[in-house]
Protein chains: 2
Amino acid sequence: MGSREAKNALFDAFAAVAKALGSGRRAEIVDILAQGERSVDELAREIGQTVANTSQHLQQLLRAGLVDTRRDGNRIYYSLSGPAVSRLWAAVRQVAAGHAARLEEVAAAYLGDRSGMTVLTRPELSERLQAGDVVVVDVRPDAEFRSGHIAGALSLPVRELEKRLDELPAGRTVVAYCRGPFCVFADDAVRTLQRYGIPAARLEEGYPEWAAAGLPVEVHRPGAVPG
Amino acid sequence: MGSREAKNALFDAFAAVAKALGSGRRAEIVDILAQGERSVDELAREIGQTVANTSQHLQQLLRAGLVDTRRDGNRIYYSLSGPAVSRLWAAVRQVAAGHAARLEEVAAAYLGDRSGMTVLTRPELSERLQAGDVVVVDVRPDAEFRSGHIAGALSLPVRELEKRLDELPAGRTVVAYCRGPFCVFADDAVRTLQRYGIPAARLEEGYPEWAAAGLPVEVHRPGAVPG
DNA sequence: CTGCTATTCAAGATATTAATTGAATAGTGG
DNA sequence: CCACTATTCAATTAATATCTTGAATAGCAG
């Protein structure tokens, strides 16, 4: 009967959305785009794939409606097509996190040893920011900081962290954050700071989650060192 | 370098969750399980597949951590592994709905013509329930009604609707609801009622969304006809 | 134990997908 | 127009997924 075919078509249409996220490389692309728009070759470099391959993955995301494009000169910038996609990505991570078995070991292999690292949740950081006893440091690349960051945060990309330690106000705990709960930047930063004897912790999640929660952010203005 | 491999493994682990939903048949299974647990052959019948094939799909959902199993006698009951999975499924539908192009025609082919059908949103129904000028009818199969329904709803499965029209209190608009926004039951019910000259509308979403929103529900007690 | 039911496993045909390579297209600047 | 860059397209290979069929397993009823 035709109703079964129509029903199949309907659920196939839903499944197409999930399928688009069903490749590690495309998932990584979505994770990066959650920080802001990127050109094809920026993405290709970040995910460690050829430009041709990256382009094909992007076409699939486009066909599934997860991303939009914008042309600027002869570059094409891709971005998430809306907040529903961020929520979808967050839901995927959450389900994956709940199915701890496999994920934890894989995450540990990538993020490294987190024993001896303090991890602050969003409300904890929020509270300590008001108390004023911490410095919040955004350790993502500068471009991402400029496209939006936690209000009052200092930009200190991991790659430059070691050279610019003197920009940190002395005597206060540093809280590093980056792209999200499974981003290495903050972990690397905390370990570096601890090596220099500077008390440091990381924010459990990243900028997109902070912004999505409606907590205070700033756009396009470098944060001054508070105090 | 090993970090790239570890990163790939991490994102592959996330992607595995999405991939599990990346087949129309598995998506349909998840949609059904959102109403409550089911045995393998109930599911097989509902999705129109062989038991063997359905079992394999279920194994995949199990491996990805989307479902749990429970044995009762020689039947095995599958259910969603937690609310995070419902949220994931809702997020998928929402992204698909946003990418209107393809979905709308597919949905129309399955659900039929909705012109001339009033569709109430959750808050609208909530309000009219308090005003008391509508009868809410749950048109899902009885088992689903028993495992949870909107508080005060009357159970009147679509398949029996035409025979049991006399159970409807006269003079009030009937609001039918079922499994979710893309479930045909409510659409069919509204069209049937309208054929008999009974004023009817459907709830835009279904029981899972109502319950997830924290609105009043009842479990395992048939709703009395209010008034 | 035997027969029965529900579920899972295994093997094979067909179709889809990811990554690679090399060529084609669209825009920029001279 | 030409050279150059960024992106997409097309063809190939290797790996995976779906569905089908038929057999194997696990628990229940006698």
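Lettering follows sequence order; numbering is per chain, from 1.
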What is the distance from atom CD of E205(A) to atom OG1 of T121(A), rounded to the nearest 0.5 Å? 8.5 Å
Can you tell me which nucleotide in dA19(C), dT17(C), dT21(D) comes closest to the side chain of K19(A)? dT17(C)
Which value, rounded to the nearest 0.5 Å, describes the distance between R75(B) atom CZ and R70(B) atom CZ? 11.0 Å
Of N53(A) and R75(A), the one whose closest DNA chain D nucleotide lies more 5': R75(A)
Closest to the side chain of S23(B), out of dT8(C), dT21(C), dT18(D), is dT18(D)
How many Å lie between CG on L61(B) and P on dT8(C), as a whole number? 12 Å
Using a heavy-atom cut-off of 4.0 Å across all strands, would you classify D41(A) as base, sugar-phosphate, or nothing? sugar-phosphate
From C183(A) SG over to Q35(A) CD, what is the distance, rounded to the nearest 0.5 angstrom? 7.0 Å
Taking the nucleotide of DNA chain C with the nearest heavy atom to each, does R71(A) or Q60(A) sit closer to the 5' end? Q60(A)
When you measure from the side chain of H57(B), which nucleotide among dT18(D), dT8(C), dT5(D) comes out closest? dT18(D)
Taking only the side-chain heavy atoms of N74(B) (C-beta and beyond), determine which of dG27(C), dA6(C), dG22(C) contains the nearest atom. dA6(C)
Once the angle between the rings of F11(B) and W89(A) is folded into 0 to 90°, is it parallel (under 30°), tilted (30 to 60°) or perpendicular (over 60°)? parallel
Considering only side-chain heavy atoms of Q56(B), which listed nucleotide, dA17(D), dG22(C), dA11(C), is closest? dA11(C)
If each of V51(B) and G22(A) is mapped to the nucleotide of DNA chain C with the nearest heavy atom, which maps nearer the 5' terminus, i.e. the 5' end? V51(B)
Where the side chain of I76(A) is defined as all heavy atoms beyond and including C-beta, which of dT8(C), dT7(C), dT8(D) is the nearest nucleotide? dT8(D)
Which nucleotide sits closest to the side chain of A52(A): dA6(C), dG22(C), dT21(D)? dG22(C)
Pick base, sugar-phosphate or nothing for Y77(B), based on heavy-atom distances below 4.0 Å to the nucleic acid. nothing
